**Student:** 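Pasting a structure here, questions to come.
This structure is a prediction, so every number in the text was calculated from the model and none was measured.
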Amino acid sequence: YEMRFVTGVQTCALPIFTHSHAARIDEDLHVHSTWSDGRATIEENLAIAESLGLRRLGLVDHVRHDTTWVPKFVRAVDALRKTTDIELICGVETRMLDEYGAMDLPQDLGGVDRVYIADHRLPFADKCLTPKEVRALSRSNAVTTPDIVAALVRASIASMRRSPLPAVLAHWGSILPKIDIDPHSVTESQLDRLAEAAVETGTWVEVDERWQAPCSATVLGLAKRGVPIVFSSDAHRAPSIGQFPWATTVKVNLALQCGS
């Protein structure tokens with residue numbers, strides 16, 4: 001359970017940056033490379049992680065159903081594991097395609113550790129809508145905010161359960177501000193169902209620095225329901241690895257809310 005960091009933290013009127021242990025993030029579980037749209041190689045990303053003293057590093061790149069380089073990527077990550085004490089997670093990031101759990105994944109995922117499920121678009125019924133398309137539907141009153149949030153929740157649950165490998169919900173809810181929806185619109189009942197599916201499937205939920213998602217309330221709600229929470233920069237450039245100004249605040253507040 002990834003909430004070990006909360007041990008021993010006490011509530012404080014000025015919590016942020018006052019507890020060095022609570023503020024320390026010693027992992028970055030979502031870093032992109034030149035295998036997809038990142039600017040640095042996986043070797044360069046690892047070197048930065050080592051210089052920062054990170055404990056775990058997620059080497060994650062975007063895939064589609066027709067991606068063919070995954071076996072070579074896996075072999076490259078495996079070769080790096082022999083050179084470092086950092087625990088390396090080999091991941092692929094994909095998008096949800098509909099509400100029923102379909103994802104844009106290639107068939108050959110041998111050696112991959114985790115599938116990162118992203119909400120770059122909104123899975124709605126049997127479609128995958130861009131933010132522009134969703135805003136147009138909303139303006140025409142064809143869909144409501146509760147409809148949209150419910151669709152995202154249903155699709156996320158279905159994708160976790162259909163994933164061929166243990167999953168990570170990547171920057172979950174980041175689609176909502178793009179379509180002018182308050183990320184706090186997720187209900188307690190929806191958090192219950194998300195958490196139940198995540199715990200059942202061994203899914204992690206990442207706190208994503210780049211997209212500042214999920215919102216703090218969602219992270220806290222899922223953590224209190226037993227969902228493992230991990231921390232990611234979603235870096236596409238090496239200097240962004242391990243840089244967590246927003247996520248540190250989320251982590252400390254989690255510690256204050258969930259710690260002993």
Side-chain angles (χ1 to χ4, degrees), residues 2 5 16-17 19-64 67 69-70 73-74 76-77 79-81 83-95 112-121 131 167-178 183 204-216 218-219 228-255:
E2 293 299 316
F5 63 80
I16 309 308
F17 309 121
H19 299 286
S20 59
H21 177 66
R24 165 72 171 155
I25 296 176
D26 61 359
E27 65 185 14
D28 190 338
L29 292 188
H30 188 165
V31 170
H32 291 286
S33 77
T34 51
W35 283 94
S36 60
D37 61 347
R39 298 299 183 90
T41 66
I42 58 174
E43 292 81 7
E44 291 167 334
N45 288 342
L46 175 60
I48 293 292
E50 289 178 328
S51 72
L52 295 172
L54 297 185
R55 178 176 57 90
R56 295 199 296 178
L57 179 68
L59 299 172
V60 181
D61 276 293
H62 295 280
V63 294
R64 298 291 181 258
T67 298
W69 46 257
V70 172
F73 176 63
V74 168
V77 174
L80 280 186
R81 287 186 169 119
T83 71
T84 185
D85 292 330
I86 294 179
E87 179 185 350
L88 299 182
I89 307 298
C90 181
V92 294
E93 180 177 357
T94 189
R95 60 182 178 178
V112 174
D113 297 312
R114 294 257 166 184
V115 170
Y116 284 62
I117 301 171
D119 63 348
H120 294 290
R121 298 186 178 188
V168 179
L169 286 187
H171 49 75
W172 192 85
S174 63
I175 184 79
L176 297 177
K178 299 176 190 175
W204 299 341
V205 170
E206 70 166 14
V207 175
D208 187 294
E209 178 68 35
R210 183 181 186 214
W211 293 104
Q212 297 190 7
C215 70
S216 295
T218 295
V219 174
I229 304 298
V230 298
F231 292 85
S232 303
S233 67
D234 202 350
H236 287 64
R237 298 173 182 268
S240 298
I241 293 172
Q243 304 306 305
F244 295 113
W246 174 78
T248 296
T249 299
V250 176
K251 184 176 187 288
V252 173
N253 289 337
L254 271 176

**Student:** Would you say the side-chain atoms of Arg81 pair up with the backbone N or O of Leu88, donor to acceptor, closer than 3.5 Å?
**Tutor:**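 Side chain of Arg81 to backbone of Leu88, a donor-acceptor pair under 3.5 Å: yes, one is there.
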**Student:** Please step through side chain to side chain contact (heavy atoms under 4.5 Å, CB included) for the pair Val207 and Val230, ending with a clear verdict.
**Tutor:** CA-CA 6 Å; Val207 175; Val230 298; over 6 Å; no
**Student:** Identify the heavy atoms of Leu29 and Val60 that sit nearest to each other, and give their distance.
**Tutor:**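 Heavy-atom minimum between the residues: O-CG2, 3.9 Å.
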**Student:** Distance check, rounded to the nearest 0.5 Å: Asn45 atom CG versus His236 atom NE2?
**Tutor:**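 Between atom CG of Asn45 and atom NE2 of His236 there are 11.0 Å.
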**Student:** When the ring planes of His32 and His62 are compared, do they come out parallel, tilted or perpendicular, using 30° and 60° as the limits?
**Tutor:**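 Judged by the thresholds at 30° and 60°, the geometry between His32 and His62 is parallel.
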**Student:** Do you see a donor-acceptor pair shorter than 3.5 Å between the side chains of Ser33 and Asp61?
**Tutor:**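 Side chains of Ser33 and Asp61: pair found under 3.5 Å.
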**Student:** Under the 3.5 angstrom rule, does the side chain of Arg114 hit a backbone N or O of Ala167 as a donor-acceptor pair?
**Tutor:**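 Here the side-chain-to-backbone pair exists.
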**Student:** Might you point out which heavy atoms bring Arg64 and Arg95 nearest each other, and give the distance in Å?
**Tutor:**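 Taking Arg64 first and Arg95 second, the nearest heavy atoms are NE-NE, 4.1 Å.
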**Student:** Evaluate the side-chain proximity of Leu57 to Leu59: yes if any heavy-atom separation is below 4.5 Å, no if none is.
**Tutor:**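 Side chain of Leu59 against side chain of Leu57, heavy atoms only: contact under 4.5 Å found.
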**Student:** Working to the nearest 0.5 angstrom, can you tell me the gap between His171 NE2 and Ile117 CD1?
**Tutor:**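 His171 NE2 to Ile117 CD1: 11.5 Å, rounded to 0.5 Å.
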**Student:** Examine distances only and state if a side-chain atom of Thr84 and a backbone atom of Ile86 form a donor-acceptor pair shorter than 3.5 Å.
**Tutor:**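 Yes.
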**Student:** Given Asp28 and Phe244, is the side chain to side chain contact (heavy atoms under 4.5 Å, CB included) satisfied, shown in steps?
**Tutor:** CA-CA 9 Å; Asp28 190 338; Phe244 295 113; 3.8 Å; yes
**Student:** For Leu176 and Pro183, which heavy atoms make the closest approach, and how far apart are they?
**Tutor:**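 Shortest heavy-atom contact: CD1-CA, 3.9 Å.
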**Student:** What's the verdict on side chain to side chain contact (heavy atoms under 4.5 Å, CB included) for Leu46 and Ile42, showing C-alpha distance, side-chain angles and the deciding distance?
**Tutor:** CA-CA 6 Å; Leu46 175 60; Ile42 58 174; over 6 Å; no
**Student:** Where do Val74 and Cys90 come nearest, in terms of heavy atoms and distance?
**Tutor:**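 Between these two residues, the closest heavy atoms are CG2-SG, 4.0 Å.
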**Student:** Treating Glu27 as the side-chain partner and Phe231 as the backbone partner, does any N or O pair qualify as donor plus acceptor under 3.5 Å?
**Tutor:**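 Yes; judged by distance alone, with no hydrogens or angles, the pair exists.
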**Student:** So, Glu209 and Ser232: side-chain donor and acceptor under 3.5 Å apart, yes or no?
**Tutor:**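 There is no such pair (donor and acceptor under 3.5 Å, judged by atom type) between the side chains of Glu209 and Ser232.
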**Student:** Will you find, in the side chains of Glu93 and His30, an N or O donor that is under 3.5 Å from an N or O acceptor?
**Tutor:**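 There is such a pair (donor and acceptor under 3.5 Å, judged by atom type) between the side chains of Glu93 and His30.
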**Student:** Report the C-alpha separation of Leu254 and Val219 in whole Å, then their side-chain angles, then the decisive distance to 0.1 Å, and conclude whether the side chain to side chain contact (heavy atoms under 4.5 Å, CB included) test is met.
**Tutor:** CA-CA 8 Å; Leu254 271 176; Val219 174; 3.5 Å; yes
**Student:** Please report the shortest heavy-atom distance between Ser216 and Val250, naming the atom on each side.
**Tutor:**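 For Ser216 and Val250, the tightest heavy-atom pair comes out as OG-CG2, 3.6 Å.
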**Student:** Measure the shortest side-chain to side-chain distance between Asp208 and Ser174 over non-hydrogen atoms and say whether it is less than 4.5 angstrom.
**Tutor:**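 Sidechains of Ser174 and Asp208: no contact.
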**Student:** Do Leu54 and Ile48 have side-chain heavy atoms sitting under 4.5 Å apart?
**Tutor:**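 A side-chain contact is absent here, since even the closest heavy-atom pair is not under 4.5 Å.
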**Student:** Give a yes or no on whether the backbone of Ala47 and the side-chain of Glu50 come within a donor-acceptor separation of less than 3.5 Å.
**Tutor:**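 Not at all, since once roles are kept as given, no pair shorter than 3.5 Å links the two residues.
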**Student:** Could you measure the distance from the CH2 atom of Trp246 to the OG atom of Ser233? Nearest 0.5 Å is fine.
**Tutor:**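 The CH2 atom of Trp246 sits 12.5 Å away from the OG atom of Ser233.
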**Student:** Could you tell me whether Lys178 sits above the aromatic face of Trp211, with NZ or CZ closer than 6.0 angstrom to the six-membered ring centre and within 45 degrees of the axis?
**Tutor:**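 Verdict for Trp211: a cation-pi partner in Lys178.
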**Student:** Are any side-chain N or O atoms of Glu43 and backbone N or O atoms of Thr41, one a donor and one an acceptor, separated by less than 3.5 Å?
**Tutor:**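 Not a single qualifying donor-acceptor pair exists.
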**Student:** Under 3.5 Å, is there a donor-acceptor pair between the side chain of Lys251 and the main chain of Ile25?
**Tutor:**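 No; judged by distance alone, with no hydrogens or angles, the pair does not exist.
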**Student:** Partners of Arg210 by salt bridge (charged side-chain N to carboxylate O under 4.0 Å, His left out), sequence neighbours excluded?
**Tutor:**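 Arg210 satisfies salt bridge (charged side-chain N to carboxylate O under 4.0 Å, His left out) with no other residue.
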**Student:** Does Thr83 use its side chain to pair, donor to acceptor, with the backbone of Leu80 at less than 3.5 Å?
**Tutor:**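 Flag set: sc Thr83 to bb Leu80 pair under 3.5 Å.
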**Student:** Mind listing the closest non-hydrogen atom pair of Trp172 and Asp119 along with its distance?
**Tutor:**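 Heavy-atom minimum between the residues: C-OD2, 3.8 Å.
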